[in-house]
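In what follows, a single structure is set out as structure tokens and then discussed.
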Amino acid sequence: MATISELLRDATVAALADLGVSVPPEQVEVTPAQRREHGDYQTNAALRLARTVACPPRDLAERLAARLPEHTAGICARVEVAGPGFVNCFLAPAWLHGVLREVVAAGPDYGHGTAEAGRRINLEFVSANPTGPLHAGGGRWVAVGDAVANLLAAQGAQVHREYYLNDAGTQLDTFVASLRARLRGEEPPPDGYHGRYLVEMAEELRAEHGDDPDPEVVRAWGLARVVAMLEADLARIGVHFDTWFSEQSLHDRGEVAEVLAALAQAGVTYERDGAVWLHSRDLGDTRDRVLVRSDGTTTYLANDIAYHRNKVRRGFDHLIDIWGADHHGQVASLQAGLRALGIGTAESPEPEVILGQLVRLERGGELVRISKRAGDVITLADILDEVDPDAARLTFLLQSIDTPQTFDVEVVTSASLENPVYYVQYAHARISSIGRVAAARGVVRPPLEDTDLGVLTDERELDLLRSLAAYPEVLATAAALRAPHRVTTWVRELAARVHRFYRDCRVLTDDPARTAARLWLAEAARVGLAGALRILGVSAPERMERLDDGDDDAAGAPDAPAAPAAGASGSRP
RNA sequence: GCCCCAGUAGCUCAGUGGAGAGAGCGGCCGCCUCCUAAGCGGUAGGUCGCAGGUUCGAUUCCUGCCUGGGGCGCCA
């Protein structure tokens, strides 16, 4: 299904052809208008082509506008020339009514596209070290990764969610040493993990395996216990991984050794100071990197190259990694190693690494020091103890991952009612309630094909349809840019329009024709809200409790407790 | 020193090669006999970090600089 921009772009190209101006479609821009009086969409074609056609832009625009209606029949009510030579298009209400029928027909899949149709995509995200619970900041990758997966799936991809489990490195050794120390009733080593969870885990371990289990037992038990903890945390926020990929398994199957041999065979390695190095500098990196340490162990890089080769060999059409910006330095090294293996060519595209800026955790405006080893952490589970998963998720999906996010625990928890998630969910609950009331009153919604939508002429009504009309394009763009926050922005706008419609356009009236059309419009809006929320991994409740009934407004004022918060530090005289 | 990201309203952030730059929160003023007031309306608040460049047109693209965040390990 073509988007509006595409439809209007093609119409513009055709109209220009009528004028004897031949121009490839990709050189014609049709964009949403910024101001209502400029219509719904606008093209700057006349401005851009004026020079080559040797015609004043305004004149060219006039000629274009004269021809355009032939090609936009049924879509635009009118077109007009404005400003220095823009051609503004005003969508026809009848066309918007057609959008409503499309939405209802498509249901939950409305707006989905085919940009990734048939592609098998491996999406790796989170992949936090299995040494403790998920950190609150890591929630960003949980929410973003899952939403990106949903976005790609909505474009027809078969998405495989994968968690890379670093169960072979020194971090796990340190974790095991810390666990054993707790088991003995001692403090973990200075560079170990000091979190409280290890004390509790040691108790569990003791109950199951006694005071002095074999170190290998401790290791296996500890790893399994942490993975179970990670899975449980992820389940609480509704995220499920298809594969938990063990780094250790790469070693066990000899894949790391294979990769090292292949790199040596390719002549891109050398020995120095007892270590094996990769000529990564010649392959696009800023410097050479160690693959095998002088003690014979392999580096994270060597293992990661083997891991990605494994993913390629599993037959995916495309690999995507979502990493925090603190892993930025690894990208060039990994790609250098993969290139040497022939991965990163036209036949075998290199992995796409999405870097997201980090979360700055604050409590009441003050930076929270984060150190998993010191045990001074705020975990995702801590957050979920205080807010529901929907609020947590949407908070992480409010802004572009290109910007560092400030996550104030106090704001997100104590003032959670201000979370935009409730604004959107409330819009869904409100619009849903209309259907319930209609049913209770015995108002029957006639079949859509028997409903005359021509009565939907109010700007509030048309605004809803304009939003819904733009949704396929929003989804396609968000998927292409791997930017789920664009869906958040869109659904917040739709929710605002739903609230305004609700306020100004009464659905259940004495006029059966109007009631029928508005019931269907409400249904279309509900489908739009629910569909976008589903992409974001947020639930769309049919009903929500009213917070405050009657006149005790103070009870519902979320900022009421703010005053004591200031005094909590002991400033009260 | 080099690489990546950001700098937009008091705060948190959207957004765009175009026509007086938007939202939420916070401030102020209003709106519930009516489908849920977790809502709606109004008002105040901006040299889109700074300087050049490209362009008919730059907050948007390019370069430099400043500020902030993250990297550049025989850690992961």
Side-chain angles (χ1 to χ4, degrees), chain A residues 29 31-35 37-38 42 44 47-48 50-51 57 82-86 88 129 131 166 168-172 174 247 272-277 285-287 289-295 297-301 303-304 324-333 355-358 360 365 398-406 408 411 415 417-427 429-438 440-441 443 485-486 488-489 492-493 495-496 498-500 502-509 515 518-519 522 543-549 553 556 558-559:
Chain A
E29 285 178 32
T31 53
Q34 303 224 332
R35 310 182 69 78
E37 56 267 37
H38 296 155
Q42 61 180 26
N44 61 1
L47 286 163
R48 293 184 50 137
R51 178 175 295 196
F86 295 105
N88 297 333
N129 280 326
T131 56
N166 296 120
T170 58
Q171 306 255 2
L172 189 64
T174 306
E247 178 188 357
R272 195 180 74 200
D273 303 332
V276 177
W277 294 69
D285 201 352
T286 52
R287 49 163 292 175
R289 309 280 170 179
V290 171
L291 292 170
V292 185
R293 301 187 190 91
S294 50
D295 68 1
T297 58
T298 55
T299 59
Y300 186 88
L301 172 62
N303 305 340
D304 212 23
D326 52 341
H327 292 80
H328 160 67
Q330 292 171 221
V331 179
S333 311
L355 293 173
Q357 299 300 307
L358 302 181
R360 173 189 166 93
L398 283 172
Q399 55 185 272
S400 162
I401 61 168
D402 286 340
T403 70
Q405 178 170 34
T406 300
D408 193 315
V411 171
L417 292 180
E418 291 168 15
N419 192 306
V421 72
Y422 301 110
Y423 181 81
V424 179
Q425 289 185 319
Y426 183 52
R430 266 184 140 184
I431 209 84
S432 299
S433 78
I434 297 174
R436 281 197 303 275
V437 173
R441 293 182 189 173
V443 177
H485 78 279
R486 284 175 176 259
T488 312
T489 300
R492 293 173 73 183
E493 173 68 18
V498 164
H499 285 306
R500 289 196 280 263
Y502 187 95
R503 169 83 178 184
D504 295 341
C505 301
R506 200 152 187 81
V507 174
L508 304 175
T509 66
T515 297
R518 285 185 170 170
L519 278 171
R543 60 178 81 220
M544 288 168 78
E545 297 301 320
R546 270 187 73 158
L547 273 188
D548 49 348
D549 266 318
D553 292 316
D559 54 344

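Excluded from the calculations below are hydrogen atoms, water molecules and symmetry mates; all remaining heavy atoms, backbone and side chain alike, are included. We name chains A, B, ... by the order of the sequence lines, and we start the count at 1 in each one. Quick caveat, the model's predicted, so the values are computed rather than measured.
Using a 4.0 Å heavy-atom criterion, one finds that A/Arg35 contacts the bases of the nucleic acid, with or without backbone contacts as well. Counting non-hydrogen atoms under 4.0 angstrom, A/Thr489 reaches the backbone sugars and phosphates but no base. When heavy atoms are screened at a 4.0 angstrom cut-off, A/Gln330 is found touching base atoms of the nucleic acid. Counting non-hydrogen atoms under 4.0 angstrom, A/Thr297 reaches nothing in the nucleic acid. Nucleic acid contact class of A/Tyr423 (heavy atoms, under 4.0 Å, all strands): sugar-phosphate only. Within the 4.0 angstrom heavy-atom criterion, no nucleotide atom of any strand lies near A/Glu493. If you check every strand for non-hydrogen atoms under 4.0 Å, A/Asp273 touches a base. Residue contacts shown for A/Asn88 include a base, since a base heavy atom lies under 4.0 Å away. At a threshold of 4.0 angstrom between heavy atoms, the contacts of A/Arg360 with the nucleic acid are absent. Residue contacts for A/Ala82: at a heavy-atom cut-off of 4.0 Å it reaches a base atom on one of the strands shown. When heavy atoms are screened at a 4.0 angstrom cut-off, A/Arg503 is found touching base atoms of the nucleic acid. Contacts of A/Asn44 with the nucleic acid, taken as non-hydrogen atoms under 4.0 Å apart, include base atoms.
With both ends at atom P, the span from B/rC5 to B/rC61 equals 11 Å, rounded to whole Å.
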query = Taking protein heavy atoms under 4.0 Å as touching, what does nucleotides 3-12 of chain B look like 5' to 3' if B marks base contact, S marks sugar-phosphate-only contact and - marks none?
reply = BSSS------

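Taking each heavy atom of A/Leu47 and A/Pro57 in turn, the nearest pair found is CD2-CB, 3.9 Å. For the pair A/Leu398 and A/Pro420, the tightest heavy-atom approach, listed with the atom from each and the gap, is CD2-CG, 4.0 Å. Residues A/Ala522 and A/Ile431 come closest through the heavy atom pair O-CG1, 3.6 Å.
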message = Counting Watson-Crick and G-U wobble pairs with both distances under 3.5 Å, what is the dot-bracket string for RNA chain B, 5' to 3', using [ ] for crossing pairs and | for pairs to another strand?
response = (((((((..((((....[...)))).(((((.......))))).....(((((..]....))))))))))))....

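Proximity note for A/His485 (side chain, C-beta onward) versus B/rC74, B/rA38, B/rA14: the nearest is B/rA14. Nearest to the side-chain atoms of A/Leu508 among the listed nucleotides B/rC35, B/rA38, B/rC72 stands B/rC35. Among B/rG73, B/rA76, B/rC35, the nucleotide with an atom closest to any side-chain atom of A/Arg287 is B/rG73.
For A/Tyr300, there are no ring pair (Phe, Tyr, Trp, His ring centres under 6.0 Å) partners, not counting sequence neighbours.
In the displayed structure, A/Arg436 atom CZ is contacted under 6.0 Å by more than 12 heavy atoms of other residues, nucleotides or ligands.
Both geometric conditions, a ring-centre gap below 5.5 Å and a plane tilt below 30°, are fulfilled for A/His38 over the base of B/rA19.
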